[in-house]
**Q** 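Following this message is one structure expressed as structure tokens.
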Amino acid sequence: MVKLAQHKIKIKYIIFSFIAILIFISIVYPLHTNNHPRIFIRDKNSKMTGIKRKKESERFVNNSVKDLYRVISLLKTKNYYHNPNDLRKFPEPYNAMFSICSDIDSTTLKEFETYHQFLNTTDTTPFGKGLGLDIGDSFWVFTASPKDDSLSMFNGTNIKSIKYAAKIKYYFDKGWIDSIHTIGNFSRYKKVKLVVPDRKLILKGWNALNSFGIHPIIWINHGDDSNIQNYGGYSPKSVTKTQDGDKKGSECYHTDITYKNGIRYLWNSNITYEYGYDNPLYIVKLRDKQIVWAFKRCSTKLTGKKVTFIWSPQGIREEITKQRLENIIKKNQYSIIANHFGSYYNYFPFGKEDIKALRLLKQYQDNGKVLVARTSRLLKYVTAQNYVIYTKIKYNGLTYIDIKSINDPLIGKIIPSIDNLRGITFFTDNSIKTRIMINYKLVGIDNLNFGEFTKQSIGIKWFRS
Ligand SMILES: [Zn+2]
């Protein structure tokens, strides 16, 4: 009998423990699922440490989970919208954004590595301390001539003969490459057309890109009129008259494939001396009826009525000047300049005056005036800034801004990750009493950028490298 009683107590104990565990899980688990509040989104790149962090945290962190549930249920009753007046044009403290967009023509791997070490790192280089700027570049999949030593994935058009594919993947992931200078270089060699870039070859190119995990979002037209794969700038009376990449039925038609493979932004051979833009994006209707984004980039200068190309490395001194930088700051503008870093000199492209101009740009960034960004980041930022959808509520003395999506009218609705929103900045009455959420999840303090200058603001921190 005693044994039976003990056994019953044991069973009761087990049942009680089991129920207690179930109750505990039902309370705690929802706090960790996507549909419920989490205190912060963490960023693995976060480096904010020391006194500043402690001070801001003390002022900042005091949300109770109960408050967050209430905030979320209130947010669910609100309309989401976009109001440009709520948004700062650029992340605090900058008043302009600048990008250098380099075409890969004639650039060898050695040249590419040498000038990017100087531009992108802070290493000691033979040309002085590196600038540590965020500057991207382009690449090819194919070259018409197998002897062409420029930065392409394969020798000639032979996908069985790999040239720099692995290096290109490495530098793409590192951020030193972010655009494709069309699928290949098909310009005439000694006045002879070597290869016709037909649809079959272009499809092979995209398959190769996918198999290497290289997914560029920018396409930059290239070269002479034998580059019939170019598209988006067709004009029957100009040099662009052979652009057939977007013409259904042409031997090189590919824009259906190309957009399915993730291209979002196009440079359609549009030459301009304008260097400052309120918005660098504009809409282009392709000949296959697709409507796509194109972007402006400056390649020339205007002297009197004369237009001259300055998109060579020794043109940098004219592309980056104090006057130009001051102008884009004054007008709150974007600037994108085109160049060909590797195509004119061997080994290292920049002269003394060009290095001086590049250092000036670096100085403007260091002084918090002009943010320098690789072209893909700049264009994605423009899209987010123009089309971010959010709502705001006040609760218990705090303002909550919840971001829902980026409604790109051409690409469609993007449900953003934190990286899609880097730099997005809202004006607010009191930055320290404002919270940003992305689809009901609070963004952690390490990912926030507080502006307490002429007008208070709070934003999502820019990329760290
Ligand atoms: Zn080119």
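Residue numbers count from 1 along this sequence. Since the model is a prediction, treat every value here as computed from it, not as a measurement. Just so you know, ligand 1 is whichever comes first in the structure, and atom 1 is the first atom listed for that ligand.
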**Q** Nearest 0.5 Å, what's the CZ-CZ distance between Arg377 and Arg422?
**A**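 Nearest 0.5 Å value for the CZ-CZ distance: 9.0 Å.
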**Q** Do Asp246 and Arg287 meet the salt-bridge criterion of a basic N to acidic O distance under 4.0 Å?
**A**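 Asp246 and Arg287: salt-bridged.
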**Q** Would you mind checking if Glu113 and Lys167 are paired as a salt bridge, meaning a charged N to carboxylate O distance below 4.0 Å?
**A**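 A salt bridge is present here (some side-chain N lies under 4.0 Å from a carboxylate O).
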**Q** Step through the shown structure and confirm whether more than 12 heavy atoms of other residues, nucleotides or ligands are within 6.0 Å of NZ on Lys204.
**A**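 Counting other residues, nucleotides and ligands, NZ of Lys204 stays at 12 neighbours or fewer.
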**Q** Output the distance between atom OH (Tyr275) and atom OG1 (Thr321), rounded to the nearest 0.5 Å.
**A**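 OG1 of Thr321 is found 6.5 Å from OH of Tyr275.
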**Q** Sum up the protein N, O or S atoms located under 2.8 Å from the Zn ion (ligand 1).
**A**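 That number is 4, waters not included.
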**Q** Rounded at 0.5 Å granularity, tell me how far NE2 in His254 sits from CG in Asn261.
**A**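 The NE2 atom of His254 sits 11.5 Å away from the CG atom of Asn261.
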